[in-house]
Amino acid sequence: EAVRLYRLAAEQKHAHAQYNLGVCCERGKGVAQELAEAVRLFRLAAEQKHAHAQFSLGVCYETGAGVPQDKAEAARLYRLAAEQKHAGAQFSLGVCYEMGAGVPQDQAEAARLYRHAASQGHVLAIVCLGILLVITEPDSDGEPKQQREGALLLARAAQQLSLIHI
């Protein structure tokens, strides 16, 4: 029933319905799994500035799911969603900058993006920011301030992860 309602709303250009129907197509929930249709629906919603759709379409381009793999396009889409404060997109764009995937490698920009995602509680961003800070050279005055902050972030992430029952 949900898929039928999503489809009706998606046909009326409702961005959230397009995104939700895209998720159903991507995962095969209530419909046959069809990645090309998921991409089409994500694109329709992303064109309406739907942050979750922009992020999901970015993941498709990063992984080559339903589209040819294109790291630069993935980074562009992550940036659009990150500008709307989407924590997953901020984290993923940070990874792009850390690794130089689709964008020039830039550790400072990666740290900035991880910090934004971490401030929203994104655990992987907390871990990646912590690691970046721990491996950074001490300040010019020899004080390992960043290393201390990194260690505190890693402890925070460990605590959060210990609360998750797997």
Atom [atom1] in [X], atom [atom2] in [Y]: separation rounded to 0.5 Å?
X	Y	atom1	atom2	answer
I126	I131	CD1	CD1	12.0 Å
M99	Q105	CE	CD	8.0 Å
C128	L154	SG	CG	9.5 Å
E98	L129	CD	CG	10.0 Å
Y97	D106	OH	CG	7.0 Å

[X] versus [Y], closest heavy-atom pair with distance:
X	Y	result
C24	V3	SG-CG2, 4.0 Å
A15	A45	O-CB, 3.4 Å
A75	V103	CB-CG1, 3.7 Å
A117	A87	CB-O, 3.5 Å

With [X] via salt bridge (charged side-chain N to carboxylate O under 4.0 Å, His left out) - residues at least two apart:
X	value
E109	R112
R43	none
R27	none

- Test side-chain contact (heavy atoms from CB on, under 4.5 Å) applied to A82 - qualifying residues, sequence neighbours left out: A89, Q90, L93
- Taking only residues two or more places apart in sequence or in another chain, which ones pass side-chain contact (heavy atoms from CB on, under 4.5 Å) with E62? K71, A74, Y78
Who passes side-chain hydrogen bond (donor to acceptor under 3.5 Å, both in side chains) against [X], sequence neighbours left out?
X	answer
E26	none
Q33	none
H122	none

- Could you list who else is in L152's hydrophobic cluster, with ILVMFWY side chains joined at under 4.5 Å, directly or through other members?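 Besides L152, the cluster holds no residue at all.
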- Give every residue pair that meets the salt bridge (charged side-chain N to carboxylate O under 4.0 Å, His left out) criterion with at least one member in residues 28-42, sequence neighbours excluded. E37-R40
- Heavy atoms, side chains only, cut-off 4.5 Å: are L41 and C25 in contact? yes
- Item | Residue pairs, two or more places apart or on separate chains, that pass ring-ring contact (aromatic ring centres under 6.0 Å, His included) and touch residues 26-45 |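 Sorted result for residues 26-45: Y19-F42.
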- May I have all residue pairs that pass side chain to side chain donor-acceptor pair (under 3.5 Å) and include part of residues 6-15, sequence neighbours excluded? none
